[in-house]
Structure formats: structure tokens, C-alpha cells
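Below is one structure, written out as C-alpha cells; comments come after it.
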Amino acid sequence: IYTIYTENCIGKTIDIQLFEKDFLSDDLVKTISINIQNEQQEGIWESKNFDDGFLGGNAEVYLKYENFKSTILNIIN
């Protein structure tokens with residue numbers, strides 16, 4: 001679950017990108033389109049069998065919108 005705080009965006013659709021952080025370059029996992037209905041918008045992103053690549057481990061993902069980037073998000077299995 002994530003929360004997006006907006007200002008003067010009600011009625012607009014924005015595209016949030018979900019990235020998986022890697023050593024050399026980050027991989028785009030998915031683009032999430034969100035129709036803003038309130039100044040504070042919550043959303044849920046679900047994934048099954050998330051593959052973190054050759055070295056494995058826990059996937060490190062973050063959300064990005066234009067120049068804004070979230071901290072690393074926790075994946076709940």
C-alpha cells in the first residue's frame with residue numbers, strides 16, 4: 001500500500017513507474033496509471049513471483065513520478 005499526496009490534481013490521471021533497483025541499472029517493472037480523486041490517494045500494487053535476477057535476494061523496489069522518487073519499499077509475501 002502506498003499513499004500519494006497531491007495538490008491541484010483532482011481529476012487528472014498520472015503514471016507512476018515502479019522500478020526494481022539493481023547494481024548497474026534499475027529495471028522498470030510496471031507503469032501504474034492512477035486517476036487522482038482526492039488530495040491524498042492510496043493504492044495497492046500486487047505482484048506474484050517477483051524475480052530479483054541472477055543474484056536473487058529480496059527485491060528492492062521504488063516508485064517514481066517525474067523527478068520524485070520514493071524510498072525503497074518493503075515487499076510483503
So do the side chains of I16 and L18 get within less than 4.5 Å of each other, counting heavy atoms only?
no
Whether the side chain of T6 engages the backbone of E39 through a donor-acceptor N/O pair (distance < 3.5 Å, no angle test) should be reported.
yes
Kindly give the heavy-atom pair with the smallest separation between D15 and S33, and that separation in Å.
OD1-OG, 2.5 Å
My understanding is that only residues two or more places apart in sequence, or in another chain, count here; which of them pass side chain to side chain donor-acceptor pair (under 3.5 Å) with T13?
none
Supply the atom-to-atom distance I32 CD1 to Q17 CD, rounded to the nearest 0.5 angstrom.
10.0 Å
Between CD on residue Q37 and CD1 on residue I10, distance to nearest 0.5 Å
9.5 Å
With sequence neighbours excluded, what pairs up with Y5 under the side-chain contact (heavy atoms from CB on, under 4.5 Å) test?
T3, Q40
Approximate separation, where rounding is to 0.5 Å, of T71 OG1 and Y62 OH:
12.0 Å
Pairwise distance CD(E20) to NZ(K30) - rounded to 0.5 angstrom
15.5 Å
